[in-house]
Amino acid sequence: MELKRREKDLTVWQKLYIPEIVKGLALTLRTMFKPKVTMEYPEIKFQPPSSYRGRPVLVQEENGVERCVACGLCSRVCPALAIEVQAAETELEKERYPKKFEINMIRCIFCGFCEEVCPEEAIVMSKDYELVFTNREDAIYGKDKLLVPVEKLKDRLEFLRKFK
Amino acid sequence: MNITEIIVVSLIKIVLVIVMILVAVIFLVYFERRISAWIQYRIGPNRVGWKGILQTTADVMKLLLKEDIVPSASNKTLHTLAPIIALFVAFSTYAVIPFGPDVTIFGYQVKLMVADVNIGVLYVLALTSLGVYGITFAGYSSGSKYSLLGGIRSSAQMISYEVSMGFSVAGVLLLSESLNPQKIVLAQSGWMWNAILQPIGFITFVVSAFAETNRLPFDLPEAEPELVGGYHTEYSSMKFAGFFLAEYANMIIASAMITTLYLGGWQIPYIDKLGLGVTLTTLLQVGAFFLKVIFLLFFFIWVRWSIPRFRYDQLMSLGWKVMFPLSIINIIWVACLIMIFNL
Amino acid sequence: MPKITVDGKEFEFKQGQTIIEAARENGISIPHFCWHPKLSVSGNCRVCLVEVEKMPKLVIACSTYAADGMVVHTQSEKTLTARNAVMEFLLINHPLDCPICDEAGECKLQDYAYKHGKGESRFEEIKMRKEKRVSLGPRIIFDAERCISCSRCIRFSDEIAKQKQLTFVNRGDRVTITTFEEEGFDNPYTLNTIDICPVGALTSKDFRFKSRVWEMSSTKSVCIGCARGCNTEIWVRNNQILRLTPRRNEAVNSYWMCDHGRLDTFKFVNAEDRVDGSFIRREGKLEKADWETALKEAAKRIKEFKNSEIAVIGSAFATLEDNYLLTKIAKSIGTANIDFVRHVIPGDQDDILIKEDKTPNSLGAELAGVKPGKNGLNISGILDGIKAGKIKALLVMDDDITTFAPDTEEILTKLDLLIVLAVNFNKTAVMADILFPAASFAEKHGTFVNFSGRVQRIRPAVATTGLDRALDGMTMSRWDKFGSQFDRWMQGHKYDSKPSWKILAQLGIQLGIKIKYQMAEEVFDDLAASADAFKGLDYDVIGDLGAEIKIKVKEPTLA
Ligand code: SF4
Ligand code: SF4
Ligand code: SF4
Ligand code: SF4
């Protein structure tokens with residue numbers, strides 16, 4: 001039977017091992033003097049690109065009203081059941097608005113499904129990744145924390161127009 | 001010197017050595033973390049103190065404040081004894097390492113080592129073998145499968161590599177005709193370093209030293225992916241710190257031993273030809289010793305972050321099928337040298 | 001019998017059936033908006049177009065009579081193209097309102113657009129704008145843009161509610177629904193139009209925007225508004241009832257229920273004045289007490305009276321099981337003074353659904369044995385007895401007896417002991433010496449007997465402290481299934497109440513009777529074994545649609 005050389009078989013030189021180790025050591029030695037990639041948070045903060053999925057926020061129009069019409073689709077699609085919406089009637093043309101809109105940031109997995117499903121472009125993923133809370137209650141973000149003026153979300157909204 | 005003086009001088013030397021080791025370990029750990037970071041394009045600890053120099057101190061403080069957890073299924077006595085053994089062995093080995101030539105201080109002839117033992121090399125070998133007890137006890141007493149496996153691996157590994165280590169040292173002994181570390185150092189005057197005369201022995205000894213100190217690529221007793229934490233899985237607080245300290249202290253001994261046995265110890269080739277004063281020469285020589293040790297320590301760290309861990313079967317076959325024959329070849333080689341050059 | 005072939009499947013049909021009816025009976029559903037099995041055919045939505053062999057053009061299945069040997073294709077290419085086209089036309093002026101539309105999730109237009117539509121629109125012009133918030137009578141808001149002019153609502157008022165109140169006005173794309181001048185859409189059945197409206201053009205003022213339909217769980221139940229006992233679904237979110245809808249039962253209510261039943265029979269369940277935990281009167285004030293203490297106290301106090309000094313009053317609002325347990329208690333105490341209060345509004349009935357008797361179970365209460373025994377007093381006798389000081393202790397279950405006569409409230413003050421099982425703090429409950437929290441109809445298993453003698457089941461839709469949605473087999477919404485104790489939507493209040501039969505059973509044990517029922521079903525089985533009317537019945541036989549009792553009934557004696 002003919003024995004076939006496998007890709008994995010090593011040459012004698014490689015089998016000696018020592019030269020290969022020396023090569024490896026040389027490599028690591030070189031990297032020691034290369035520039036570092038670490039960002040020294042909190043002095044230097046990572047500026048995410050507009051494709052970044054930070055915490056989901058509600059878009060607040062210039063007139064101070066949220067875009068959301070409390071359709072509850074985000075709440076339905078959310079795989080983590082993080083969103084709770086309670087609708088109510090408003091005199092405005094949109095008829096419906098969220099009387100209560102809460103995202104449980106402990107549940108949220110930043111998948112962006114809510115943003116994708118929203119028919120009003122009312123919920124978008126922001127660049128905000130600094131989420132700190134010390135108890136479960138604080139982790140439930142209400143409208144006060146979720147509403148963000150539309151100017152601050154321009155990047156993301158443009159990104160969505162382009163790619164969604 | 002009378003007996004009191006000997007005791008006083010020895011005590012001073014012991015205290016000095018212990019303090020030195022402790023300080024050295026603190027810096028060693030710090031540098032290990034920094035160097036590993038550099039190798040991985042990171043920065044490493046740089047917050048506590050100047051450039052993060054106090055990081056290890058902070059870690060020690062943290063460990064001190066942690067709860068000491070003893071598993072209920074453990075053998076309490078052995079569980080406590082294990083880190084003590086490990087530490088004791090690590091520290092006592094230093095007794096026979098010479099840092100420099102004999103010096104005269106305040107009219108006393110002082111040897112730059114704690115104890116000038118005739119059979120220093122044997123003493124070191126014997127003590128490092130004892131060190132395995134610490135680990136094995138830890139594994140056995142924890143009442144955890146991971147710890148036990150770590151302990152078992154450790155003993156098997158120690159025994160396997162002590163063989164090749166012993167045979168490598170035999171080469172050195174043949175050349176220097178002594179078991180006294182200081183004599184071995186003196187025998188390597190000039191460029192007659194054992195590393196140059198018997199490179200194979202040097203390599204086998206270094207590899208065995210890595211295995212004996214449980215450093216990567218041979219850190220199987222504490223291989224995280226397989227054994228959680230290995231023999232110290234069930235240790236916390238200062239007992240864990242004890243093992244940690246012992247591991248780094250062992251690294252320092254290993255480096256010192258390699259320096260002593262193969263790299264000419266405190267010798268600087270042909271320094272006496274320069275005609276410097278005695279004090280300066282001695283200082284330079286002591287400095288040379290530490291430089292060599294520091295380089296070796298760097299080498300230890302460097303290797304750790306370059307070479308991946310061996311598999312257990314690879315480790316064993318390397319020990320028995322490669323290192324062991326090589327060290328025997330080395331003895332033959334040295335014997336030939338002696339025969340031919342009549343050294 | 002004549003035969004018809006639909007989509008290659010041949011089956012028989014009754015002469016006079018339309019294609020859509022024949023197909024439906026044989027499990028082939030042809031899409032339809034305007035056709036409804038209980039309404040006349042109007043044939044104006046055109047979505048039921050099908051291809052019939054040997055006919056030159058497509059025909060609408062809802063108004064074409066099936067004929068012997070007819071071969072119909074509902075999935076042929078021609079049919080599908082036509083259906084697509086109809087959907088496109090319907091959607092031309094339909095607003096993109098789904099996100100704010102209450103119908104979304106149970107909308108026929110959504111479903112068909114998804115199933116039969118193209119998925120895109122070629123219409124680039126501006127959509128027709130119409131009024132969006134028209135108040136159409138006291139209970140309904142009409143959105144003219146969403147209306148697809150199927151005329152179901154108009155036909156319903158004309159044919160089922162029998163009041164011509166709605167009509168189309170204008171033509172073409174301006175067509176819209178309106179009421180006649182100076183008249184509201186206010187017949188007692190208006191809210192049924194919301195159910196049959198295939199879109200969200202008609203919305204309930206009461207339920208508007210309360211919840212999306214997919215967030216609620218629905219539980220099969222029975223309306224307690226009158227003796228008809230319309231079959232209903234109870235829709236619950238966060239342990240709160242948000243709406244009732246009728247459930248089809250041809251033997252009782254067909255597809256319908258009245259507005260009173262739909263709006264006024266559930267709000268008390270989550271009302272502020274629910275009795276939450278048991279109470280004992282101490283120094284003139286009702287104070288909270290734990291179950292054990294209250295039960296012990298009740299038993300102890302009852303024993304202080306002579307048999308003839310005690311009377312018990314059952315309820316036509318309570319289930320058969322509750323009333324049956326009450327008769328057991330009465331028997332063990334040894335009193336024959338047992339009766340219940342009728343709630344009848346004479347003349348308030350029609351020949352559609354509504355009945356004079358405003359309780360769901362008066363026949364059941366009688367059949368369970370809640371009527372004066374030998375030499376026993378009936379309700380007015382009991383009240384007279386109290387007045388005369390002959391009756392000193394009274395046990396009232398699940399009813400506000402102060403409605404019986406204007407002076408009842410005053411009479412009750414003469415009592416030495418009044419034990420009440422009540423859902424809410426009604427006028428009787430606030431006078432109680434010992435008050436037990438009874439579970440409402442939406443929180444327990446049980447059975448009612450309607451005016452015609454049909455036994456029907458109710459099931460728990462709202463959880464009380466003793467109930468766990470998952471463990472006790474209650475219906476669950478997605479949120480109930482996946483929520484944890486840390487989610488706000490799981491924090492809906494659970495009242496500390498128990499079904500009356502359970503309270504009575506525990507009281508019975510304190511009184512020294514051997515009772516060991518664990519479930520309402522066991523109580524019913526016991527009743528079925530002892531009363532002829534329920535022979536052979538059990539919860540499975542009754543099922544979702546109910547079962548007739550086994551004896552002939554005349555209309556119950558309406559005192
Ligand atoms: S990002 Fe994903 S997980 Fe987070 S709220 Fe939106 S849908 Fe839910
Ligand atoms: S999907 Fe958009 S509009 Fe609908 S409730 Fe969520 S945020 Fe509001
Ligand atoms: S009626 Fe149906 S299709 Fe029209 S807006 Fe409402 S849910 Fe959407
Ligand atoms: S309101 Fe509804 S039921 Fe009435 S015609 Fe319009 S779509 Fe049909």
Side-chain angles (χ1 to χ4, degrees), chain A residues 58-59 65-109 113-123 133-143 146, chain C residues 95-107 110 113-114 127 129-135 140-146 200-201 203-216 237-240 242-243 476-492:
Chain A
L58 289 177
V59 180
V65 179
E66 69 286 306
R67 273 189 189 174
C68 172
V69 295
C71 70
L73 290 182
C74 49
S75 167
R76 175 62 186 84
V77 80
C78 177
L81 286 94
I83 308 180
E84 190 184 357
V85 190
Q86 177 60 58
E89 184 142 16
T90 156
E91 288 310 310
L92 298 172
E93 208 206 336
K94 65 177 188 177
E95 289 190 38
R96 234 175 122 108
Y97 82 103
K99 189 166 76 184
K100 167 165 117 180
F101 196 109
E102 286 177 351
I103 302 187
N104 186 340
M105 294 316 296
I106 295 180
R107 273 188 175 262
C108 178
I109 55 169
F113 282 12
C114 47
E115 175 189 62
E116 193 172 327
V117 82
C118 180
E120 308 287 332
E121 265 186 4
I123 188 165
F133 21 77
T134 47
N135 60 51
R136 289 177 194 274
E137 285 303 303
D138 291 355
I140 300 178
Y141 282 18
K143 262 167 82 176
L146 290 175
Chain C
L96 277 171
D97 265 1
C98 301
I100 57 165
C101 179
D102 265 349
E103 189 81 358
E106 49 183 17
C107 172
Q110 264 187 340
Y114 190 71
K127 289 189 185 230
R129 295 307 307 263
K130 293 181 197 167
E131 268 196 276
K132 286 188 76 69
R133 279 188 259 194
V134 188
S135 178
I140 291 183
I141 287 184
F142 171 62
D143 185 322
E145 283 184 0
R146 292 181 200 154
T203 46
S204 157
K205 281 183 185 168
D206 182 61
F207 177 66
R208 207 166 145 86
F209 301 164
K210 284 253 174 73
S211 172
R212 308 257 64 177
V213 292
W214 57 80
E215 288 169 353
M216 297 178 285
R237 192 187 75 181
N238 197 7
N239 215 28
Q240 241 186 344
L242 295 181
R243 69 169 181 181
M476 297 209 278
S477 65
R478 174 170 172 262
W479 286 18
D480 294 330
K481 271 184 210 144
F482 302 114
S484 76
Q485 53 172 317
F486 303 112
D487 292 307
R488 297 235 170 114
W489 69 80
M490 294 297 284
Q491 251 110 80

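What you see is a predicted model, and the numbers here were worked out from it, not measured in a lab. Chain letters run A, B, ... following the sequence lines, proteins first and then strands; every chain starts at 1.
- Only the backbone of A:Lys94 comes within less than 4.5 Å of a heavy atom of chain C; no side-chain atom from C-beta onward does.
- Heavy atoms closer than 4.5 Å to chain A are found nowhere in C:Asp97, neither backbone nor side chain.
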Checking salt bridge (Lys or Arg N to Asp or Glu O under 4.0 Å) for the pair A:Glu102/C:Arg488: CA distance, chi angles, key distance, verdict? CA-CA 9 Å; A:Glu102 286 177 351; C:Arg488 297 235 170 114; 2.7 Å; yes
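- Here CD1 of A:Ile140 is found 7.0 Å from CG of C:Asp487. Values are rounded to the nearest 0.5 Å.
- Nearest heavy atom pair, residue A:Pro119 against residue C:Pro99, reads CG-CG, 3.5 Å.
- For the atom pair CZ of C:Phe486 and CG of A:Asn135, the computed distance is 11.5 Å after rounding to the nearest 0.5 Å.
- Taking CD from A:Gln86 and CG from C:Asn238, the interatomic distance works out to 9.0 Å, rounded to the nearest 0.5 Å.
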Show your working on salt bridge (Lys or Arg N to Asp or Glu O under 4.0 Å) between A:Arg96 and C:Asp102 and close with a plain yes or no. CA-CA 10 Å; A:Arg96 234 175 122 108; C:Asp102 265 349; 3.4 Å; yes
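- With chain C as partner, the option from A:Glu120, A:Glu137, A:Lys99 having the largest number of non-hydrogen pairs under 4.5 angstrom is A:Glu137.
- With a 4.5 Å cut-off on non-hydrogen atoms, C:Arg478 touches chain A through its backbone and its side chain both.
- A:Arg136 touches chain C through its side chain: at least one heavy atom from C-beta onward sits under 4.5 Å away, while N, CA, C and O do not.
- The nearest pair of heavy atoms linking A:Leu81 to C:Trp489 is O-CH2, 3.0 Å.
- Around atom OH of C:Tyr114, no more than 12 heavy atoms belonging to other residues, nucleotides or ligands sit under 6.0 Å away.
- Counting heavy-atom neighbours within 6.0 Å of A:Leu92 CG, excluding the residue itself, gives a total above 12.
- When all heavy atoms of A:Glu95 and C:Phe209 are compared, the pair lying nearest together is O-CE1, 3.5 Å.
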side-chain contact (heavy atoms from CB on, under 4.5 Å), that's the test. Do C:Glu215 and A:Glu84 meet it? Break it down for me. CA-CA 10 Å; C:Glu215 288 169 353; A:Glu84 190 184 357; over 6 Å; no
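- Taking chain A as the reference chain and counting heavy-atom pairs below 4.5 Å, the highest number among C:Arg133, C:Lys210, C:Lys132 is found for C:Arg133.
- Of the listed residues (A:Ala87, A:Gly72, A:Cys71), the one with the most heavy-atom contacts under 4.5 Å to chain C is A:Cys71.
- Nearest heavy atom pair, residue C:Trp479 against residue A:Ser75, reads CZ2-OG, 3.0 Å.
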